[in-house]
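Letters A, B, ... are given to chains in the order of the sequence lines, protein chains preceding strands, and every chain is numbered from 1. The model shown is predicted, which means the values in this text are computed figures rather than measured ones.
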Amino acid sequence: MSFAAKLLKWYGENGRDLPWRNTQDPYIIWLSEVILQQTRVEQGMPYFYRFVEEFPIVTKFAEADEEKILRLWQGLGYYSRARNMHKAAKMVVAAFGGRFPTAFADVIRLPGVGEYTAAAIASFSSNEARAVVDGNVYRVLSRMFGISRPINSTQGKKLFSELANDLLDKQHPGLYNQAIMDFGAVQCKPKNPLCDQCIFRFECAAFREGLTEHLPVKMKGKESRNRYFHYFIIREEEQLLMAKRGGGDVWANLYEFPMLETPTAVEVDDLIGTEQFGAFFHPFAVVETIGPPTKHVLSHQNIHARFYMIHNASALKVKKSEWNYFFWEKIDRLAKHKLIFSFLERNKQLIIP
DNA sequence: AAGTCGGGGGA
DNA sequence: TCCCCAGACTT
């Protein structure tokens, strides 16, 4: 029996029942695939339901404003996915009359849709013969065939992509693609794979040579840098002052408290003496530290955040028109980012009137 | 080719 | 801690 045939048999007996598998609607598949980029199925699931509910068809998605989309995306991370989806939805309306394309060549031109997602949409919605290559596929193939070429090198990507397309079941591309990813997620797991009851136990190169835990090979990236954020909570009557982040940095276009960043860790007494602080506040500002220093870990930077209450809003130098400010009831409806979101949850009683 | 973009879970 | 997750985009 061929590799593909064994895989399909395994899938028929062990495949997971996931909500986006019960449709061939390319729009719904696109929603699920973008949400699942670098995201575990369990984490993405509630977001998938929310987006389908809110935007059942692509024209609804295209019509929505970015604020609303970002708010729905809040907490999921990699927010450029949400912004790119909005652009893509508008393109589908403009270029395809609102009928979401299924062809690989069409969908890969949409922002936020790369090789993987285009292959997924094309194969699941119209059975176009394009092999998906995601983290699961890298792991299954590298172990099965004993390939130690790094999966994040240019050569490695090319090698695995060609191999994946050679192995693809051209008669059932969609089913095969689902099968190999499920096999990677359920059976050929990153840690503690279930080798002793694996259907490929006698053919798997890694199992035979005891290399399972050394494959796939991945080159290490740069270690993450440290950043020091100082957030100021400023109340005016029933309002909390919030600032919208710009682009070119983490949390683009999302809301947070007005803040300044220092190149090193700085205690509050020293912070007040800095030039940056002086540009924000008059010397008579009353500053109180709120909560403990908080470390927020991202994939490539460690954010060391401190929060301060400014008790006299009149000490604010900067024009408020440069920021957005809101009634506190509205705070929950803004696309805050995770760090601010969790701070608000913990300290609501301290800062809400 | 390397860097950037989040957050959460498992071991 | 470290690594990974149905990756894509920019430099």
Side-chain angles (χ1 to χ4, degrees), chain A residues 15-16 18-21 29-48 70 73-85 87-88 107-121 123-124 130-140 150-158 160-161 164 174 176-186 188-193 213-225 227 245 247-254 295-303 335-342:
Chain A
R16 293 175 294 181
L18 302 174
W20 42 86
R21 286 182 173 165
I29 294 167
W30 167 74
L31 272 183
S32 71
E33 290 304 334
V34 178
I35 286 173
L36 291 174
Q37 287 168 6
Q38 290 294 285
T39 304
R40 287 169 303 101
V41 164
E42 310 83 71
Q43 189 186 357
M45 190 93 71
Y47 287 87
F48 171 74
L70 281 175
W73 199 270
Q74 180 186 75
L76 194 54
Y78 286 152
Y79 297 90
S80 65
R81 288 184 290 175
R83 293 189 298 274
N84 282 333
M85 284 179 99
K87 286 184 207 160
V107 291
I108 200 167
R109 302 181 59 161
L110 300 172
V113 176
E115 295 280 335
Y116 163 77
T117 305
I121 297 173
S123 64
F124 299 157
R130 299 278 185 170
V132 295
V133 185
D134 74 331
N136 293 304
V137 175
Y138 281 124
R139 188 168 55 257
V140 172
I151 61 175
N152 53 346
S153 67
T154 304
Q155 289 181 24
K157 287 176 193 163
K158 188 165 181 294
F160 281 97
S161 174
Y176 170 89
N177 279 336
Q178 299 278 14
I180 191 167
M181 289 195 287
D182 240 28
F183 184 79
V186 174
C188 196
K189 299 181 295 177
K191 299 276 176 65
N192 304 329
E213 55 184 310
H214 297 103
L215 292 173
V217 173
K218 193 174 191 176
M219 296 182 296
K220 275 202 243 302
K222 229 180 51 169
E223 63 178 287
S224 46
R225 63 184 168 131
R227 301 177 71 179
R245 292 184 67 88
D249 199 356
V250 291
W251 302 315
N253 298 1
L254 272 61
K295 186 179 178 187
H296 188 79
V297 178
L298 306 180
S299 46
H300 57 291
Q301 42 183 290
N302 303 314
I303 309 289
K336 303 177 298 290
H337 57 75
K338 189 66 187 178
L339 176 56
I340 297 302
F341 186 68
S342 52

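If you check every strand for non-hydrogen atoms under 4.0 Å, A/W73 touches nothing. Nucleic acid contact for A/V113: sugar-phosphate only, since backbone atoms but no base atoms lie under 4.0 Å from a heavy atom of the residue. Residue contacts for A/K220: at a heavy-atom cut-off of 4.0 Å it reaches the sugar-phosphate backbone alone, with no base atom in range.
In the set C/dC4, C/dA6, B/dG6, C/dA6 carries the atom at the smallest distance from any side-chain atom of A/Q178. Between C/dC9, B/dG7, C/dA6, one nucleotide has an atom nearer to the side chain of A/Q43 than all others, and that is B/dG7. Distances were taken from every side-chain heavy atom of A/K222 (C-beta onward) to each of B/dA2, C/dG7, B/dT4; the shortest belongs to B/dT4. Between B/dA1, C/dA8, B/dG6, one nucleotide has an atom nearer to the side chain of A/S299 than all others, and that is B/dG6. Proximity note for A/H296 (side chain, C-beta onward) versus C/dA6, B/dG3, B/dG7: the nearest is B/dG7. For A/V41, the side-chain atoms get nearest to C/dA6 when compared with the rest of C/dC3, C/dA6, B/dC5. Of all nucleotides listed (C/dG7, C/dC4, B/dG8), B/dG8 comes nearest to the side chain of A/K338. For A/M181, taking side-chain heavy atoms from C-beta onward, the closest of the listed nucleotides C/dA6, C/dC4, B/dG7 is C/dA6.
Place A/L18 and A/I108 on DNA chain C by their nearest nucleotides, and A/L18 ends up nearer the 5' end. Nearest-nucleotide assignment on DNA chain C puts the 5′-proximal partner with A/E42, out of A/K157 and A/E42. Where A/K191 and A/T39 each meet DNA chain B at their nearest nucleotide, the meeting point lying more 5' is that of A/T39. Mapping A/T154 and A/L298 onto DNA chain B by nearest heavy atom places A/T154 closer to the 5' end of the strand.
Between B/dC5 and A/H300, a contact under 4.0 Å exists linking OP1 or OP2 to a side-chain N or O. Distances shorter than 4.0 Å separate some side-chain N or O of A/Q38 from OP1 or OP2 on C/dG7. The shortest distance between the side-chain N/O atoms of A/Y138 and the OP1/OP2 oxygens of C/dA6 is not below 4.0 Å. Phosphate contact (OP1/OP2 of B/dG7, side-chain N/O of A/W251, threshold under 4.0 Å): present. At least one side-chain nitrogen or oxygen of A/R139 sits closer than 4.0 Å to the OP1 or OP2 atom of C/dC5. Phosphate proximity of B/dT4 to A/S80: absent, as no side-chain N or O sits under 4.0 Å from OP1 or OP2.
Separation of atoms CD1 (A/I151) and NZ (A/K218) is listed at 5.0 Å; rounding is to 0.5 Å.
Exactly one residue among A/I35, A/L76, A/L36 makes a side-chain contact (heavy atoms from CB on, under 4.5 Å) with A/Q43. That residue is A/L76.
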